[in-house]
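Each remark here refers to the structure printed beneath this line.
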Protein chains: 2
Amino acid sequence: MPRESVPTKTRAPRRRSATSAVTMADVAAAAGVSTQTVSRALRDPASVSGETLQRIEEAVRNTHYVQNFAASHLASNRSMTVAAIIPAISTSIFAETIQGLSDVLLPEGYQVFLGHTDYVAAREEALIRSLSGRRPDGFFIIGTQHTRDATHILKRAGVPVVESWGLTSRPIDLVVGFSNHAAMKTVVNHLADRGYHRLTFAGVMKPGDDRAKERRKGFLDAHGERFPGVEPQVVTVASNSMIMATGAELLDLVRATYPETDAIVFTSDVLASGAVLRCNDLGVRVPADLAITGFGNYDIAGHLRPSLTTVAIASRRIGMLSAELLLARMQNKPVTERVIDIGFELLVRDSS
Amino acid sequence: MPRESVPTKTRAPRRRSATSAVTMADVAAAAGVSTQTVSRALRDPASVSGETLQRIEEAVRNTHYVQNFAASHLASNRSMTVAAIIPAISTSIFAETIQGLSDVLLPEGYQVFLGHTDYVAAREEALIRSLSGRRPDGFFIIGTQHTRDATHILKRAGVPVVESWGLTSRPIDLVVGFSNHAAMKTVVNHLADRGYHRLTFAGVMKPGDDRAKERRKGFLDAHGERFPGVEPQVVTVASNSMIMATGAELLDLVRATYPETDAIVFTSDVLASGAVLRCNDLGVRVPADLAITGFGNYDIAGHLRPSLTTVAIASRRIGMLSAELLLARMQNKPVTERVIDIGFELLVRDSS
DNA sequence: ATCGCTCATGTTAGCGGTAACAAAATTGAG
DNA sequence: CTCAATTTTGTTACCGCTAACATGAGCGAT
């Protein structure tokens with residue numbers, strides 16, 4: 001491993017990376033320029049003369065040079081990285097948001113660090129702590145409620161933060177979402193308008209799921225308005241997974257607990273679908289015997305029979321919009337709106 | 001902004017990070033030790049005396065110190081990062097794999113960089129190129145076929161690479177998956193055993209989806225064995241999304257193109273579900289008039305009526321196993337098997 | 001007390017880039 | 001052709017941390 005300058009110290013040289021020992025200096029030597037010129041050629045090709053650029057590009061190819069972003073990050077104080085924190089990756093509706101985020105950020109050269117919290121606030125804090133050591137240029141988080149420390153860390157990070165999938169008048173920085181509360185009220189009003197009057201709210205309520213809590217509150221508030229004096233019916237489970245089997249279970253639970261129920265408001269299409277399919281098995285007619293509503297407008301909602309009344313959320317759009325806001329902030333462009341309500345849409349179908 | 005040592009040079013000081021200007025030196029000063037001792041306390045608390053450790057921990061809290069991983073990475077040549085490359089994030093079955101991967105890696109201090117290729121080989125290569133600049137300590141990739149350059153970059157990176165969701169006798173490094181080919185043969189054999197004899201293969205075939213190609217080949221090979229002389233029937237679309245509506249479309253297309261079909265083999269449960277639900281609408285009896293099989297054992301498969309015969313893949317397990325292999329390699333533990341076949345399971349249900 | 005050993009901590013020199021400044025080369029107006 | 005303005009390239013000093021080595025403190029055996 002011959003090198004130009006033999007170190008005069010007796011100290012052993014520091015181990016370099018396993019194989020890819022090609023550095024910018026190697027490229028610079030091959031192209032006959034300084035490292036700074038190579039750096040410029042890579043970051044802003046227009047700032048280097050055409051001929052030099054060509055020589056450098058050729059040198060990059062010949063040496064198989066791959067830029068080391070850690071060094072770049074350290075020197076320039078920009079990581080070209082965004083941290084995304086979501087409750088669960090395998091919840092397809094969040095995955096769509098991340099896909100939207102990623103679709104916008106990748107072409108701009110930003111990479112996405114992804115972490116999931118499993119709806120546990122302490123894990124979210126730990127994740128934020130750990131991710132902030134990576135010095136991302138921006139944060140994207142699903143949820144608007146965080147531990148005190150988590151909020152502090154995010155504020156101290158000095159980079160844009162987008163909270164999402166909810167709304168709050170006092171975001172850490174920016175928020176892109178919709179009112180889960182209002183959405184649920186819309187569902188209850190719809191059912192009340194249709195003549196249903198014994199409504200039951202059913203869903204999975206993980207301790208850290210503030211969106212589910214907001215939805216429950218929306219249900220309770222609307223229920224109080226439309227059915228004053230009537231005790232609202234709520235059936236929730238805390239530890240079950242968000243799968244169709246849970247929806248079927250919840251259906252059974254609701255029918256056992258509140259047999260007079262004529263409409264069930266589920267917190268998710270997944271649960272609602274499981275319930276509809278179980279109704280079909282049991283011979284319960286939907287919506288004649290029992291109306292069912294979902295949330296999220298998953299792919300299945302329109303294909304089920306009866307098709308599912310639900311609330312459509314532009315989940316991919318949340319990700320894309322958030323990414324655009326982050327980009328604007330990261331590129332020091334002005335961002336006028338700190339709170340962006342993307343709204344929701346009640347899709348009335350055959351199940352109600 | 002007073003500092004101890006005023007620079008004697010006239011040169012303007014380099015801009016530090018926006019807010020978090022707290023460095024290890026600040027912590028060291030607060031604790032009355034050297035930076036190296038702080039570094040040791042953070043990386044290996046046992047290597048520092050109890051009393052010193054306490055002082056350092058207190059200093060960390062007081063200063064709100066957040067370690068800069070980029071500097072750590074540069075100095076130690078370990079990024080504590082794994083790059084994950086998947087065709088699409090919002091395909092729930094891949095999301096489960098990533099969740100499994102992440103579940104195992106996060107507790108070990110590794111963060112996951114996520115990128116998606118949209119089934120485009122060129123985009124995969126670009127992603128690998130870009131991600132390798134981040135110097136991840138390992139790569140996880142869904143798929144076993146890559147461009148020549150992508151393969152080279154991965155090999156030159158000098159870190160463990162796990163390919164997945166397929167099998168190959170010559171992996172870049174390691175592979176965790178199953179034989180899509182064998183899985184499809186199993187499906188065809190099952191249908192043939194049940195007496196179906198006019199089989200049609202139907203699915204979405206994106207150009208870069210080698211798993212779909214393998215499945216088609218498995219279908220064709222098994223078909224040739226079980227129905228020698230019979231022309232195999234294949235109906236595919238290239239650009240449609242993997243949604244239920246596409247399954248319904250494909251059903252119509254199959255019935256128009258090959259009306260004599262008595263069994264359709266779909267490449268995904270999503271498509272098969274869309275087709276089953278459309279059959280219910282059309283009055284086509286499943287499986288009496290037409291058998292239908294899926295792939296993946298999605299949540300819906302067991303809840304549909306008729307329930308869906310499908311191939312179960314332990315997708316979360318693929319992620320977890322891959323993570324364990326990567327960890328073993330990254331921690332220089334021995335890895336004996338380079339090719340791990342996690343197999344698959346044919347779930348015979350009511351649709352066939 | 002002396003020696004050798006272990007354990008804890010300090011010192012030094014980078015890791016591979018880029019910001020800031022400096023210098024050289026090129027251009028254009030008069 | 002001259003000189004200032006502009007463009008292109010080079011030089012230097014870090015960014016914040018850790019590997020490698022050096023040093024010192026503590027301790028038991030002799």
Side-chain angles (χ1 to χ4, degrees), chain A residues 3 5 7-18 20-29 31-53 55-56 60 63 65-80 133-135, chain B residues 3 5 7-18 20-29 31-56 63 65-80 133-135:
Chain A
R3 295 212 161 272
S5 64
T8 55
K9 308 284 172 189
T10 57
R11 189 158 289 190
R14 171 168 300 212
R15 148 182 90 97
R16 285 180 140 205
S17 60
S20 155
V22 180
T23 72
M24 199 173 262
D26 299 322
V27 177
V33 295
S34 71
T35 59
Q36 184 60 71
T37 302
V38 176
S39 175
R40 274 191 281 258
L42 295 174
R43 300 170 72 79
D44 180 15
S47 70
V48 170
S49 77
E51 193 218 356
T52 308
L53 184 58
R55 285 215 315 283
I56 291 175
V60 166
T63 55
Y65 173 66
V66 177
Q67 195 178 5
N68 185 328
F69 273 95
S72 169
H73 173 180
L74 190 59
S76 70
N77 198 30
R78 301 201 310 147
S79 64
M80 297 304 283
R134 249 89 199 191
R135 298 289 194 277
Chain B
R3 295 214 161 269
S5 63
T8 54
K9 307 284 174 188
T10 57
R11 187 159 292 188
R14 169 171 302 213
R15 150 182 90 96
R16 283 181 142 204
S17 59
S20 154
V22 180
T23 72
M24 199 173 262
D26 299 323
V27 177
V33 295
S34 70
T35 60
Q36 183 61 71
T37 302
V38 176
S39 174
R40 272 190 282 257
L42 295 175
R43 301 169 73 79
D44 180 16
S47 69
V48 170
S49 78
E51 193 218 354
T52 308
L53 184 58
Q54 280 198 343
R55 285 215 316 282
I56 291 175
T63 55
Y65 174 65
V66 177
Q67 195 177 6
N68 185 327
F69 273 95
S72 168
H73 173 181
L74 192 59
S76 70
N77 198 30
R78 301 200 311 148
S79 65
M80 296 304 283
R134 249 88 200 192
R135 299 289 195 278

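Protein chains get the first letters and strands the later ones, always in sequence-line order, with residue 1 at the start of each.
The nucleotide whose nearest atom lies closest to any side-chain atom of A:Ala71 is, among C:dG16, D:dT9, C:dG10, C:dG16. Picking from C:dT18, D:dG10, D:dC17 the nucleotide with the shortest atom distance to the side chain of B:Thr23 gives D:dC17. The side chain of B:Val33 approaches C:dG10 more closely than any other nucleotide in the set C:dG10, D:dC15, D:dT9. The side chain of B:Ser49 approaches C:dA8 more closely than any other nucleotide in the set D:dT18, C:dT18, C:dA8. Distance from the side chain of A:Met24 is smallest for C:dT18 among the nucleotides C:dT18, C:dG16, D:dG16.
For B:Arg55, the salt bridge (Lys or Arg N to Asp or Glu O under 4.0 Å) criterion is met by B:Glu51, not counting sequence neighbours. B:Gln54 meets the side-chain contact (heavy atoms from CB on, under 4.5 Å) test with no other residue; sequence neighbours excluded. With sequence neighbours excluded, no residue satisfies side chain to side chain donor-acceptor pair (under 3.5 Å) with B:Thr63. For B:Ser34, the side-chain contact (heavy atoms from CB on, under 4.5 Å) partners are B:Gln36, B:Thr37, not counting sequence neighbours.
The distance from the CG atom of B:Asp26 to the OG1 atom of B:Thr35 is 11.0 Å, given to the nearest 0.5 Å. One finds the CD atom of A:Gln67 at 11.5 Å from the OG1 atom of A:Thr23 (value rounded to the nearest 0.5 Å).
The distance between atom CD of A:Gln36 and atom P of D:dT8, rounded to the nearest whole Å, is 15 Å. Taking atom CG of residue B:Leu74 and atom P of nucleotide C:dG16, one finds them 7 Å apart after rounding to whole Å. The distance from atom NE2 of B:His73 to atom P of C:dG17 is 11 Å, rounded to the nearest whole Å. The CZ atom of A:Phe69 sits 20 Å away from the P atom of C:dC15 (whole-angstrom rounding). Rounded to whole Å, the distance from CG on A:Asn77 to P on D:dC14 is 16 Å. Computed from coordinates, the A:Asn68 CG to D:dC17 P distance equals 17 Å when rounded to whole Å. Atom-to-atom, CD of A:Glu51 to C1' of D:dT8 comes out at 12 Å; the value is rounded to the nearest Å. A straight line from CG of B:Asp26 to P of D:dG16 spans 9 Å, rounded to a whole angstrom.
B:Ser72 comes within 4.0 angstrom of sugar-phosphate atoms only, judged by non-hydrogen atoms across all strands, and of no base. Within 4.0 Å of B:Thr35, counting heavy atoms only, lies at least one base atom of the nucleic acid.
Contact annotation: A:Ser76 does not reach the phosphate of C:dT18 (side-chain N/O to OP1 or OP2, under 4.0 Å).
Contact check for A:Val22 versus A:Val66: no side-chain heavy atoms found under the 4.5 Å cut-off. Counting only heavy atoms from C-beta outward, the side chains of B:Arg43 and B:Ser76 approach each other to under 4.5 Å. Between A:Asn68 and B:Leu74, some side-chain heavy-atom pair lies under the 4.5 Å cut-off.
Each end of the helix from C:dA1-D:dT30 to C:dG30-D:dC1 gets its own rotation axis from five pairs of C1' atoms, and the angle between them is 30° to the nearest 10 degrees.
Checking side-chain atoms of B:Ser79 against main-chain N and O of B:Arg135 turns up a donor-acceptor pair under 3.5 Å.
Using a 4.0 Å cut-off on heavy atoms, the residues of residues 37-47 of chain A that approach DNA chain C are A:Ser39, A:Arg43, listed by number.
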